[in-house]
Amino acid sequence: MPQQKDIVKIAIQMPGAYPQLIQLDQVSRCVLPVIKRMLTSVYATERNLLGRCAEDLYKGIQSSDSGVRCDSLKLLADVSTDITFAQEFISRDGHSLLVKIVEDAHESVSHLSLPHFYGLEAPLIMTHTLTAFMELMDHGIVSWENLSSVFIKKIAGFVNAKVLDTSIQQVSLAILESMVLSSSSLFNEVKQEITLERLISHLQVTNQQLQTKAMALLMAMLQAGGEADRQNIIHSSSSVGDEMAHYLYVLQTVRLNHLEARMRTPLDSYNQEQRDMLHELRQAAFETESESGLSNERRRSLCAKEFKKLGFSNNSNPGQDLSRCPPGLLALDTMAYFASRYPDAYSRFVLENSSREDKHECPFARSSIQLTLILCEILRIGEPPSETGSDYHPIFFAQDRLLEEFFCICIQLLNKTWKEMRATQEDFDKVMQVVREQITRTLSSKPTSLELFKNKVNALNYSEILKLRQTERLHQEETLAPPVLELKERLKPELLELIRQQRLNRLCHGTLFRKISSRRRQDKLWYCRLSPNHKVLHYGDVEGETETPSIEALQEKIPVADIKNVVTGKDCPHMKENKGKQTKEVLDLAFSITYDVEEYSLNFIASSRTDFCLWTDGLNVLLGKEMSSESMRSELEILLSMEIKLRLLDLENVPIPDMAPPIPKPPSNFNFCYDFSQAEQ
């Protein structure tokens, strides 16, 4: 039996009784007005309760009792998520009171202290204050632009502080992110206060929530700013250190890898949206008449003809050209972006090549697909970030859609290079190799803007590429010519002896080392040096980083004749004692000498890799062994290169033969020689 429209079931619970489901009729005439009055009364009661709660909390956060104040702020942070309560609290100007608490924070807040009346609970109070403020502002009742510069500087100060409670910094980062996204004026203020170095330092901590908030603020600043602002954010420091370069590289890699899904997805011929994108490319290039009056066969013939002019290999089904992954749909995206963003350049490219002779036309679609693949390989889209990578492109941070804008510049470069090479379809691969070289050489100069990249890459035309290739080829051939290699081998002993003497001189001068105990204390210093006659190794403790101590001041000594061996890394006795506790960095700098009957050892930890190489080489020279450090190999190569260039100065522009000239045969007799004995008689 169908339910009647004027009958409603309502759940009612009387005081002290179980809930009951009561069926009521005549709702439209009598029950509904009663329910409406009840709900109005309940809402008014709830509003009054929230108003009293807001009033109590407003007074509580001003209490002289720090415990009451802390509890009130904690409760405020919890209940501020309710918009009705937020309206009540803000109507009492409660948000201004929170702002004042932040603004009144003492300058020493970076050391976890607020004004003295906040007591030991200052960090907790500030965390609750900022959390409550953030919750209230999220409702949009009060504009972010009403905030004072003092407040913004205080929040930025919390973020920039090197020692501060992480909870305070997390909320401060979230507040700054909301400021940046709310208005350009606030973005400019935040930009002046927050440096990239500080945000990068927050990405290095182990606290994942702090890392997330720092990354969110960084992305918000990059998105909110224009091209010039992005460059200023990234280049705010005079130089980018190795660690910061690594994090910029990781950020770049993570963002570019968002394109991986499109790169690995082939075109679906049954997807209407993708088919429409293909036909929009065709229609944007050719002014076609209305196709509605054409027969299906005539329409297919017209489309195939125009897709062929566009440069698709399979003109009857162009989607097959985009089935290869990579670049997949990413190639379609870049072509569509070029056609919509730069319609004049797109039409000029297509029409110019479709009107050429067949053997000299540059196929737009085929070139675009291959160029997109090249850009994916250069930018390493789809590759996970390396743990040691630091090769980032400053231009990336000056542009939202880097790949698409790169493509728009490079596809026009490709057309220009094609004409310079007077290429045909058979030269397609050669042209793409030249274009790849043009792009990689230009990116290696680290351009900071698209305009700079465009100017540089266009200046690097085909003739310049040929000159660079020829110069590099000549340099390579000269270096590897057999006579030059033979000359190198003859010069090596002399130069190795020079390096040996330099190593021994360095040992005679000596080096300051630090003692590292099991507690990692590095406050004790000791000095070690070789005697001028190279027969004794002197060492001893010193006070502070003073000048080179005299040999007499060093009490301990080891005769070189007693030294048995030099060991490095994990083979050192002091590394074996703390096996598993030493970092790779320390292992790479550790070396020891064993003396007498290998029962005693003198242990070293160099301050740098350079000192490690100098000392291990010098000690090996003393023991009559070969030097084997990477520093020695590098120095030998530099000295050989310099000596070879000096020796070959007189042979500039003279070709060096691969083979020595043949020695002529001896003469049949030596009658042409003058006999001095007969002249004397």
Side-chain angles (χ1 to χ4, degrees), residues 485-516 525-540 548-549 551 554-579 582-644:
L485 294 177
E486 184 180 347
L487 179 60
K488 275 188 174 183
E489 291 301 317
R490 291 188 179 185
L491 292 173
K492 268 186 181 181
E494 179 183 348
L495 297 177
L496 281 171
E497 182 59 28
L498 181 65
I499 295 174
R500 290 191 193 99
Q501 291 301 320
Q502 187 270 340
R503 296 297 195 261
L504 292 175
N505 290 339
R506 180 58 184 267
L507 264 61
C508 289
H509 181 271
T511 303
L512 189 68
F513 295 94
R514 292 184 180 274
K515 289 185 177 180
I516 298 182
L525 304 173
W526 65 288
Y527 204 92
C528 186
R529 59 181 297 185
L530 181 67
S531 63
N533 61 6
H534 302 169
K535 292 185 177 181
V536 180
L537 208 59
H538 297 267
Y539 65 97
T548 304
I551 288 180
L554 302 175
Q555 301 297 322
E556 306 291 333
K557 61 181 179 180
I558 301 174
V560 172
D562 292 343
I563 298 177
K564 302 301 181 183
N565 195 14
V566 179
V567 292
T568 61
K570 60 184 179 181
D571 296 327
C572 298
H574 58 313
M575 294 295 107
K576 290 180 179 178
E577 293 173 1
N578 298 310
K579 188 176 182 181
Q582 302 293 355
T583 63
K584 185 179 183 300
E585 181 182 359
V586 174
L587 285 172
D588 289 341
L589 299 176
F591 63 98
S592 301
I593 57 175
T594 57
Y595 54 96
D596 287 334
V597 197
E598 298 189 2
E599 295 179 357
Y600 302 96
S601 64
L602 182 62
N603 302 317
F604 301 76
I605 294 182
S607 59
S608 65
R609 190 66 186 174
T610 301
D611 283 342
F612 174 88
C613 294
L614 291 173
W615 271 84
T616 52
D617 284 345
L619 292 170
N620 280 323
V621 170
L622 288 174
L623 297 177
K625 298 181 179 180
E626 293 292 331
M627 298 178 291
S628 59
S629 71
E630 66 266 22
S631 178
M632 181 277 297
R633 291 191 292 271
S634 174
E635 291 170 12
L636 179 62
E637 191 61 34
I638 292 171
L639 291 172
L640 278 172
S641 177
M642 292 174 60
E643 191 68 21
I644 289 291

Check: Leu537 and Ile593 side chains under 4.5 Å, non-hydrogen atoms | yes
Please name all residues satisfying salt bridge (Lys or Arg N to Asp or Glu O under 4.0 Å) with Lys570, sequence neighbours left out, ordered by chain then number.
-> none
Candidate pair Asn565 and Lys625, rule side chain to side chain contact (heavy atoms under 4.5 Å, CB included), full reasoning = CA-CA 10 Å; Asn565 195 14; Lys625 298 181 179 180; 3.0 Å; yes
Under the side-chain contact (heavy atoms from CB on, under 4.5 Å) test, which residues partner Leu639, sequence neighbours left out?
-> Leu495, Leu498, Ile499
Return a table of donor-acceptor pairs under 3.5 angstrom between the side chains of residues 529-536 and protein atoms on other chains or two or more places apart.
unit_1	atom_1	unit_2	atom_2	d
Arg529	NE	Cys508	O	3.1
Arg529	NH1	Pro549	O	2.8
Arg529	NH2	Cys508	O	3.2
Ser531	OG	Asn533	OD1	2.5
Ser531	OG	Lys535	N	3.3
Ser531	OG	Val536	N	3.1
Ser531	OG	Val536	O	3.2
Asn533	OD1	Lys535	N	3.1

Any residue meeting salt bridge (Lys or Arg N to Asp or Glu O under 4.0 Å) with Glu630, in chain and number order, not counting sequence neighbours = Arg609
Under the side chain to side chain contact (heavy atoms under 4.5 Å, CB included) rule, what do Leu623 and Leu619 come out as? Steps first, then yes or no, please.
-> CA-CA 6 Å; Leu623 297 177; Leu619 292 170; 5.5 Å; no
Residue pair Glu643, Lys492: steps toward the salt bridge (charged side-chain N to carboxylate O under 4.0 Å, His left out) verdict = CA-CA 10 Å; Glu643 191 68 21; Lys492 268 186 181 181; over 6 Å; no
Residues that Glu556 engages under salt bridge (Lys or Arg N to Asp or Glu O under 4.0 Å), provided they are two or more places apart = none
Test side chain to side chain contact (heavy atoms under 4.5 Å, CB included) applied to Met575 and Ile605, step by step = CA-CA 10 Å; Met575 294 295 107; Ile605 294 182; 4.0 Å; yes
Less than 4.5 Å apart, any side-chain heavy atom of Leu614 and any of Thr511?
-> no
Exactly one of Met632, Glu635, Arg633 clears side chain to side chain contact (heavy atoms under 4.5 Å, CB included) with Met627, and that residue is Met632
Do the side chains of Leu554 and Tyr539 get nearer than 4.5 Å, heavy atoms only?
-> no
In this structure, which one of Asp611, Thr568, Val621 forms a side chain to side chain contact (heavy atoms under 4.5 Å, CB included) with Thr616?
-> Thr568
Heavy-atom distance under 4.5 Å between the side chains of Leu491 and Ile644, does that happen here?
-> yes
Could I get the full list of ring pair (Phe, Tyr, Trp, His ring centres under 6.0 Å) partners for Phe513, not counting sequence neighbours?
-> Trp526, Phe604, Trp615
